[in-house]
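Owing to the predicted nature of the structure, the values given are computational and were not obtained by experimental measurement.
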Amino acid sequence: MAITQALCTSAKADFLGGVIDLDTDVMKIALYTSSATLNATTTAYSATNEVVGAGYTAGGNTLTGATISTSGTTAFVDFSDTTWTTATITARGALIYDSSKSNKAVAVLDFGADKTSTSGDFTVQFPANDATNAIIRIV
């Protein structure tokens, strides 16, 4: 099992076809254990190997604050950081998905190692919203 950071291939086609709209659809982020297999071929949210623990609800959090920008020839999007409060969980990665559109996968995040919170906040902090660092970039 492995989690590999990627913009999901099916999402690329959905962007071009006008199916997924990152700033008006309900985007969610679900957390996964190291037993999950998530990569560019992931097509939809699944509860298989999703994190289970106090302070976490299956399906994850709704992302807010979507901001779509461009710089040079790159388009990118940022979301507000999201937090699970008073959580006791361990996660190795996450899936951003469109819950408005049959839970279509958008992007896989690889945390690089297991991240744990014990009766505390578990926060996914998105990087700088620019052409080099944003989580979702189309170059």
Side-chain angles (χ1 to χ4, degrees):
M1 310 295 174
I3 296 175
T4 304
Q5 185 141 328
L7 180 58
C8 298
T9 304
S10 59
K12 294 174 188 179
D14 288 337
F15 293 146
L16 292 175
V19 176
I20 292 177
D21 187 336
L22 293 171
D23 60 352
T24 60
D25 290 351
V26 177
M27 306 306 296
K28 296 191 79 171
I29 184 168
L31 301 176
Y32 289 86
T33 69
S34 59
S35 297
T37 299
L38 299 169
N39 54 47
T41 65
T42 301
T43 58
Y45 161 79
S46 169
T48 302
N49 295 310
E50 187 174 5
V51 164
V52 174
Y56 184 83
T57 302
N61 282 353
T62 299
L63 292 172
T64 60
T67 304
I68 296 173
S69 305
T70 61
S71 177
T73 59
T74 303
F76 47 92
V77 66
D78 185 39
F79 300 100
S80 299
D81 297 344
T82 190
T83 301
W84 289 265
T85 58
T86 318
T88 300
I89 54 177
T90 298
R92 177 64 168 79
L95 178 69
I96 296 173
Y97 67 98
D98 189 340
S99 68
S100 298
K101 304 288 172 53
S102 302
N103 296 329
K104 290 177 170 281
V106 174
V108 174
L109 308 182
D110 178 3
F111 298 158
D114 281 348
K115 304 297 180 185
T116 300
S117 65
T118 304
S119 296
D121 289 350
F122 188 103
T123 300
V124 173
Q125 184 177 20
F126 290 98
N129 188 28
D130 60 41
T132 304
N133 298 297
I135 272 301
I136 298 173
R137 298 183 305 268
I138 299 175
V139 183

Co-membership, hydrophobic cluster, residues Tyr32 and Ile29, 4.5 Å side-chain: no

Mark yes or no for whether Thr82, through its side chain, and Val124, through its backbone, hold a donor-acceptor pair below 3.5 Å. no

Any Val108 side-chain heavy atom under 4.5 Å of Ile3 side chain: yes

Nearest 0.5 angstrom please: Asp130 CG to Thr74 OG1, how far? 10.0 Å

Phe15 versus Val106: any side-chain heavy-atom pair under 4.5 Å? yes

Under 4.5 Å between any side-chain heavy atoms of Leu31 and Phe111, yes or no? yes

Between Ser117 and Ala87, the two heavy atoms sitting closest are OG-O, 2.8 Å

Could you give the distance from CG (Asp110) to CG (Asn39), rounded to the nearest 0.5 Å? 11.0 Å

Determine whether Tyr45 and Lys28 make a side-chain contact, defined as any pair of heavy atoms from C-beta on separated by less than 4.5 Å. no

Exercise: identify the closest heavy-atom pair between Leu7 and Arg137: CD2-O, 4.1 Å

How many angstroms lie between CG in Asp98 and OG1 in Thr24, if you round to the nearest 0.5 Å? 8.5 Å

Can you list the residues that meet the side-chain contact (heavy atoms from CB on, under 4.5 Å) rule with Ala105, with sequence neighbours excluded? Cys8, Thr42, Leu95

Measure from the side-chain N and O atoms of Asn49 to the backbone N and O of Ser35, and report whether any donor-acceptor pair falls under 3.5 Å. yes

Return yes if some donor-acceptor pair links the side-chain N/O of Thr123 with the main-chain N/O of Gln125 below 3.5 Å, else return no. no

Residues Thr116 and Phe122: closest non-hydrogen pair is N-CE1, 4.3 Å

Taken to the nearest 0.5 Å, the spacing of Ile138 CD1 from Thr73 OG1 works out to 12.0 Å

Taking side-chain contact (heavy atoms from CB on, under 4.5 Å) as the test, write out the residues that go with Ala54, two or more places apart. Thr88

Donor-acceptor check, side chain of Tyr97 to backbone of Gly59, threshold 3.5 angstrom: yes or no? yes

Do Gln5 and Ile135 have side chains that get closer than 4.5 Å, going by heavy atoms? yes

Search all heavy atoms of Ser71 against all heavy atoms of Ala131 and return the closest pair with its distance. CB-CB, 3.9 Å

Would you say Asp25's side chain and Met27's backbone share a donor-acceptor pair under 3.5 angstrom? no

In this structure, would Leu63 and Val51 fall into the same cluster of hydrophobic residues linked by side-chain contacts under 4.5 Å? yes

Answer whether the closest heavy-atom distance between the side chains of Asp114 and Ser34 falls below 4.5 Å. yes

Can you tell me how far the CG atom of Asn61 sits from the CD1 atom of Ile96, to the nearest 0.5 Å? 12.0 Å

Minimum-distance pair of heavy atoms, taken over all atoms of Lys104 and Ile20: CB-CD1, 4.2 Å

Can Asp14 and Lys101 be counted as an ion pair, charged N to O under 4.0 angstrom? no

Taking all non-hydrogen atoms of both residues, which atom of Ala134 and which atom of Phe76 are closest, and how far apart? CB-CB, 3.6 Å

So does Val26 get a backbone contact from the side chain of Ser99, meaning a donor-acceptor N/O pair under 3.5 Å? yes

Decide whether Ile68 and Phe126 are clustered together by the hydrophobic rule: side chain heavy atoms of Ile, Leu, Val, Met, Phe, Trp, Tyr closer than 4.5 Å, transitively. yes

